[in-house]
Amino acid sequence: MSSADRYYITTAIAYANNRPGLHTLYEVVGADVIARWHRMKGDETRFLTGTDEHSVNIAQKAAELGKSTKDFVDENVALFRAAEDALLISPDRFIRTTDPDHIHAAQEMVRRAYANGDIYVGDYEGWYCPAEGFKSPSDVIETADGTRCPNHPTVPLQWLSEHNWFFRLSAYQARLERHFEEHPDFAQPDYRRNEMLGFIRGGLEDFSISRAGATWGIPFPIMPDGSSSQRPDGTWDPAAGTVYVWYDALINYVTGAGFPDDPTAFARWWPADLHVIGKDIARFHTIYWPAMLWSAGLEAPRRVWIHGWLLAQGERMSKSLGNFLDPVDVVRTLGADGARYVTLREVPFDRDADVSWDSFVRRYNADLANNFGNLLNRSVSMANRYLGGERPAPGNGGLQGRWMQALPAYGEKLEACQLSEALAGLWDFVDAANRDVDLQQPWVLAKEAGAGAEGKNEQLRGVLGDLLEACRLIGLAVAPFMPTGAPKILAQLGYQYAYRADGNGGPALLDELRWGAHEGESGRVAVAEPLFPRIEAESATPAPG
RNA sequence: GGCGGAGUAGCUCAGUGGUAGAGCAGGGGACUCAUAAGCCCUUGGUCACAGGUUCAAAUCCUGUCUCCGCUACCA
């Protein structure tokens, strides 16, 4: 992986029509871990996440609730931010598509596409629900009365045609194909890349980028004759319509980098190193988006990571089905660190995975309470009991060798977005440390040393020094996953935690992760206290639905 | 329909020619530093099915069944 000194990572922006579920925030947690990893490594890091707030659906929903659209999205955004705070998400900017600079950026992208000859006025045809707006063919149902909108089955649909702006995606087919071939890592994982490549090879059609009727959206900046739609008083001519979907939502990634008004920032942050997105929007991010950027004279992002969905008993978690986990519930039971760890350990980042409350609790107990939590607890307890709280220097026993293998593998998996595998490998090291305790039997060494046996005290100090060092390394390495757990782990071991709450500010993580990085420093461990108390089944909140 | 992927222990999965594996869950044991955790041992599988190639197949080939992903304008 590259060791660039700056790292720009984004998530998809969430549709602000409701409160968030864990299945929505899951990708944000994953991206947050990667962002924190880079911050701690010392890369200048920018992590962007936020909300997508335009669309007729949102305006409609707000109207149904008797609220102004802006109040409605403000309320939902507050719920997102609260849930993200609970999960310790650390965006450098939380972007909203209603932010003024974003509106400006989207309009500028449209202007550039126009200047480049890539947009033109055409006819958009489709089913139109008078109560809601245009419906895609997959979004309508056949009833005895004819084709209807599932949300308004009593209202007859109309087949409408309206003048809209189209983006000339077809002009970019060859360049896209070449880009995929020259940059095999651009879209990942591989099977998603192949799907997208197959789609490109099948031929690309232009897509519409404006809507004539909608008012809750970014004013389209250009009139059909090519003149500006901005009036002398600064307002926009509603006859120009609004920007539709992708020329609004996707633009957030360049807005968040400073486009177009802060060229210095933009030159620093663009192109993005990584877009983390869900599989449902892979096509828009890996095909539409590069073409849109090229049209504006900008570079494509370096990498797009496409993750899967969280399933409940084989079905996609969703708000409409009600089979989702509330992140606040999960945090309440497992703690923020536990919730983050368990989610990213249970779900491979490259595909769908079935999750359940039981599987989360089981994973928490096995990995955090029993394995790592207990390793830390028993190590600190023994240092207190046998060495009066002194923290001896690490030796160079078998654990050191294992660590020198485990660390590079961990970093590689993490940077390859294989978060679950990264943790699995790290926990092999946890297991090795636990096995070492039983192999070395420090309690026997302590007894022998107490009886005056030759060399036993040195041996005991070496063993405990190794164990405490293993705990330090694990605690620091998992800090991106467990932002509040890590400082507590280090504190139990008698170390200062050098990083700020968002992971910035400390020494380069890879230096700290060297075996024996602090061996010259004397120190004392704290009183042992379980950091990840075991969760009994009865006390766990049952999963809703 | 087309293209692609997958079917291996109760669960999640690894394993691409050479006597079936891991973690979790279940059972037993010895220990005691520890969150009754950890450690050791262990019960579970005709590797979807049927043929074929081979001295040898979960692993290669053919066919069948089942499941999943992609197959354009939802945020």
Side-chain angles (χ1 to χ4, degrees), chain A residues 12-18 24 51-58 97 124-126 132-140 164 166-167 169 190-192 194-199 201-209 211 244-246 248-250 278-284 287-288 306 308 314 345-348 351-356 358-359 362-363 365-386 420-421 424 427-428 430-431 433-446 460 463-464 467 528-536:
Chain A
I13 46 175
Y15 196 42
N17 68 336
N18 208 327
T24 302
T51 44
D52 186 6
E53 306 179 18
H54 292 129
S55 88
V56 265
N57 293 348
I58 282 189
T97 54
Y124 179 83
E125 286 190 323
E132 201 171 327
F134 274 98
K135 308 291 291 184
S136 70
S138 59
D139 232 15
V140 297
N164 283 325
F166 280 75
F167 177 77
L169 183 65
D190 276 333
Y191 75 102
R192 293 292 175 202
N194 292 339
E195 286 175 1
M196 294 304 108
L197 194 49
F199 184 88
R201 289 177 172 151
L204 297 176
E205 296 171 12
D206 300 344
F207 60 94
S208 64
I209 65 162
R211 279 294 179 272
Y244 182 59
V245 191
W246 304 114
D248 179 347
L250 292 170
K279 64 183 185 181
D280 50 334
I281 50 178
R283 199 171 62 232
F284 310 114
I287 299 175
Y288 287 25
I306 300 151
R345 179 64 184 82
E346 278 293 287
V347 185
R351 59 191 156 188
D352 295 357
D354 219 83
V355 300
S356 66
D358 280 352
S359 71
R362 210 164 34 232
R363 177 64 72 179
N365 280 338
D367 286 13
L368 297 184
N370 297 351
N371 288 358
F372 178 54
N374 188 51
L375 172 68
L376 174 67
N377 195 234
R378 68 198 304 206
S379 301
V380 172
S381 289
M382 287 190 282
N384 275 310
R385 185 190 277 226
Y386 302 142
S420 178
E421 288 87 343
W427 251 250
D428 286 343
V430 173
D431 292 341
N434 264 322
R435 275 197 300 276
D436 222 40
V437 178
D438 288 83
L439 198 67
Q440 305 287 346
Q441 303 186 76
W443 49 94
V444 173
L445 294 172
L460 173 64
V463 169
L464 293 183
L467 290 172
E529 188 182 339
L531 288 183
F532 305 102
R534 197 178 160 78
I535 295 166
E536 302 308 329

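Computed from a predicted structure; not experimentally measured. Chain A is the first sequence line, chain B the second, and so forth, proteins listed ahead of strands; every chain is numbered from 1.
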Completion exercise
Each nucleotide of nucleotides 22-27 of chain B classed B (base within 4.0 Å of a protein heavy atom), S (only sugar-phosphate) or -, in 5' to 3' order, makes --SS--

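- Put simply, A:Tyr191 has no side-chain N or O that comes within less than 4.0 Å of OP1 or OP2 on B:A6.
- Summarising the base pairing, B:A50 is matched to B:U62 through a Watson-Crick or G-U wobble pair whose two defining distances lie under 3.5 Å.
- Residues passing the salt bridge (Lys or Arg N to Asp or Glu O under 4.0 Å) test with A:Glu346 are A:Arg363, sequence neighbours excluded.
- Scored by the side chain to side chain contact (heavy atoms under 4.5 Å, CB included) test, A:Asp352 finds A:Lys279, A:Trp309, A:Leu311 as partners (sequence neighbours excluded).
- With sequence neighbours left out, the side chain to side chain contact (heavy atoms under 4.5 Å, CB included) criterion links A:Glu195 to A:Tyr191, A:Arg192.
- In this structure, the salt bridge (Lys or Arg N to Asp or Glu O under 4.0 Å) partners of A:Arg201, at least two apart in sequence or on a different chain, are A:Glu177, A:Glu181.
- Taking A:Arg378 as the reference, A:Asp438 meet the salt bridge (Lys or Arg N to Asp or Glu O under 4.0 Å) condition, with sequence neighbours excluded.
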Completion exercise
Whether each nucleotide of nucleotides 29-34 of chain B has a protein heavy atom under 4.0 Å at its base (B), only at its sugar-phosphate (S) or at neither (-) is summarised, 5' to 3', as --SSBB

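- Partners of A:Tyr124 by ring-ring contact (aromatic ring centres under 6.0 Å, His included), not counting sequence neighbours, listed by chain and number: A:Phe134.
- Listed by chain and number, the residues in a salt bridge (Lys or Arg N to Asp or Glu O under 4.0 Å) with A:Asp280 are A:Arg316 (sequence neighbours excluded).
- B:C3 is paired with B:G69 under the criterion used here, namely a Watson-Crick or G-U wobble arrangement in which both key atom distances are under 3.5 Å.
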